[in-house]
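Following: one structure in structure tokens, then a few remarks.
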Amino acid sequence: MFKIYDISMTIHEGMQVYKNKEEKKPKIETASDFSNSSAFESILSLNVHTGTHLDAPLHMIEGGETIETIPLENLVSTARVLDLTHVEGQIGRSDLEPFAIQEGEWLLFKTKNSFSEQFDFNFVYLNEDGAAFLRDKNVKGIGTDGLGIERAQPDHETHKILFENKIVIVEGLRLKDVPSGTYFMVVAPLKLEGIDAAPARAFLLGQ
């Protein structure tokens, strides 16, 4: 038998959002209830970068490809969870070299970000040096447990290095309860088109 690890953030009005910006918080309102209708229905409004989500190149590259250009085949794969819980601040080449990363791998970064449900302005991120290393390794995709894969990079170098080399980016994972190792991964974004990202349900199958 296999074990399912749900590695998605739960969407609710009080959840953490990037930089605690009010406009990024999801809004849930009741459209109808049993006092005025025979059915209960809700309206959900949220930024597409809320919680666990898949980025598209358009997010950081003017004229970049939109979310529907990322095929599902790139989001269903074996993936390796890397234990980076010891890292402070930023993940660079020297942090990644010990993992013997192979071409075509999907990598999920487990950091201290997964252990808090409050937004940390000093969250752990992948720096330009680390992104270039993974580009040179020709990895397939990267998932991070931060709400951003980069921080304090005015020209968005990390995103651009990865996007320009067709490396998939998933942000906002929850990996606290997932041991390091290799799993079968499914990332299922909402079927949207023409925009820069999509919220996703993500899970791992393991022993």
Side-chain angles (χ1 to χ4, degrees), residues 7-9 18 47-82 84 90-111 113 123-173 175 182-205:
I7 57 172
S8 313
M9 293 180 72
Y18 193 76
N47 187 298
V48 291
H49 297 269
T50 301
T52 306
H53 63 277
L54 174 68
D55 277 352
L58 178 62
H59 179 43
M60 292 297 179
I61 298 174
E62 185 174 359
E65 293 180 320
T66 50
I67 195 65
E68 75 279 5
T69 65
I70 302 172
L72 283 177
E73 301 92 275
N74 290 3
L75 304 172
V76 179
S77 174
T78 56
R80 186 155 56 118
V81 175
L82 306 185
L84 294 162
Q90 52 189 282
I91 300 166
R93 179 189 183 101
S94 62
D95 300 302
L96 297 168
E97 285 178 327
F99 291 101
I101 293 166
Q102 302 299 305
E103 180 176 353
E105 275 200 285
W106 245 104
L107 304 172
L108 307 181
F109 296 162
K110 178 180 179 178
T111 78
N113 298 332
F123 67 89
V124 178
Y125 70 100
L126 177 66
N127 67 21
E128 182 178 2
D129 176 56
F133 175 72
L134 295 174
R135 173 201 62 202
D136 294 344
K137 288 292 185 180
N138 196 26
V139 300
K140 180 185 291 185
I142 301 167
T144 179
D145 55 5
L147 283 177
I149 200 165
E150 65 176 67
R151 171 166 62 80
Q153 293 170 286
D155 294 322
H156 306 295
E157 298 93 339
T158 291
H159 272 98
K160 289 178 179 177
I161 288 170
L162 301 179
F163 283 145
E164 289 168 355
N165 291 276
K166 307 293 186 182
I167 298 171
V168 180
I169 301 172
V170 175
E171 299 172 330
L173 298 175
L175 297 167
T182 301
Y183 299 84
F184 186 76
M185 176 194 74
V186 176
V187 178
L190 291 179
K191 194 173 183 179
L192 302 171
E193 66 178 8
I195 59 173
D196 51 285
R201 188 69 180 262
F203 57 92
L204 302 175
L205 303 178

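Hydrogens, waters and symmetry mates play no part in the numbers below; they use all other heavy atoms, side chains included. FYI, the numbering just counts along the sequence from 1.
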Q. Should the pair Lys140-Glu105 be classified as a salt bridge under the 4.0 Å nitrogen-to-oxygen rule?
A.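 No, no charged N to carboxylate O under 4.0 Å.
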
pair [X]-[Y]: side-chain heavy atoms closer than 4.5 Å:
X      : Y      : answer
Thr144 : Leu173 : no
Val124 : Phe109 : no
Asp196 : His49  : yes
Leu147 : Thr50  : no
Val186 : Leu75  : no
Asn127 : Phe133 : no

Q. Do other residues, nucleotides or ligands put more than 12 heavy atoms under 6.0 Å from Arg80 CZ?
A.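 Enclosed.
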
(Q) Both conditions, 6.0 Å and 45 degrees, for the charged tip of Arg151 above the ring of Phe123: are they met here? (A) yes

Is the backbone N or O of [Y] less than 3.5 Å from a side-chain atom of [X], with the two atoms forming a donor-acceptor pair by type?
X      : Y      : result
Lys160 : Ile61  : no
Glu171 : Asp55  : no
Asp95  : Gly92  : yes
Thr111 : Asn113 : yes
Glu150 : Gly148 : no

Could you tell me the separation between the [atom1] atom of [X] and the [atom2] atom of [Y], rounded to the nearest 0.5 Å?
X      : Y      : atom1 : atom2 : result
Arg93  : Asp136 : CZ    : CG    : 7.0 Å
Asn74  : Ile167 : CG    : CD1   : 11.5 Å
Glu164 : Met60  : CD    : CE    : 12.5 Å
Gln90  : Leu84  : CD    : CG    : 13.0 Å

Q) Do Ile142 and Val170 pass the side chain to side chain contact (heavy atoms under 4.5 Å, CB included) test, and can you show the C-alpha distance, the side-chain angles, and the key distance before you say yes or no? A) CA-CA 6 Å; Ile142 301 167; Val170 175; over 6 Å; no

Q: Only one of Val81, Thr52, Leu108 passes side-chain contact (heavy atoms from CB on, under 4.5 Å) with Ile7; say which it is.
A: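 That would be Leu108.
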
(Q) Which residue is it: Leu192, Val48, Ile67? I am looking for the one with a side-chain contact (heavy atoms from CB on, under 4.5 Å) to Leu54. (A) Ile67

Q) Among all residues two or more places apart in sequence or in another chain, which pass the side chain to side chain contact (heavy atoms under 4.5 Å, CB included) test with Glu128? A) Gln153, Glu157, Ile161

Q) Would Asn47 and His53 satisfy side chain to side chain donor-acceptor pair (under 3.5 Å), going step by step from the backbone distance to the final call? A) CA-CA 10 Å; Asn47 187 298; His53 63 277; over 6 Å; no

Q: I would like to know whether Ile169 and Thr158 meet side chain to side chain contact (heavy atoms under 4.5 Å, CB included); could you show each step before the answer?
A: CA-CA 10 Å; Ile169 301 172; Thr158 291; over 6 Å; no

Which pair of heavy atoms, one from [X] and one from [Y], lies closest together, and at what distance?
X      : Y      : result
Met185 : Leu204 : CB-CD2, 3.5 Å
Pro189 : Leu72  : CD-CD2, 4.3 Å
Ile91  : Leu126 : O-CD1, 3.6 Å
Ala202 : Ser8   : N-OG, 2.7 Å

Q: Given side chain to side chain contact (heavy atoms under 4.5 Å, CB included), test Trp106 with Thr182 step by step and report yes or no.
A: CA-CA 10 Å; Trp106 245 104; Thr182 301; over 6 Å; no

Q: Could you walk me through whether Ile195 and Thr66 pass side chain to side chain contact (heavy atoms under 4.5 Å, CB included), step by step?
A: CA-CA 5 Å; Ile195 59 173; Thr66 50; 6.0 Å; no

Q) Which class fits the ring pair His156 and His159: parallel under 30°, tilted 30 to 60°, perpendicular over 60°? A) perpendicular

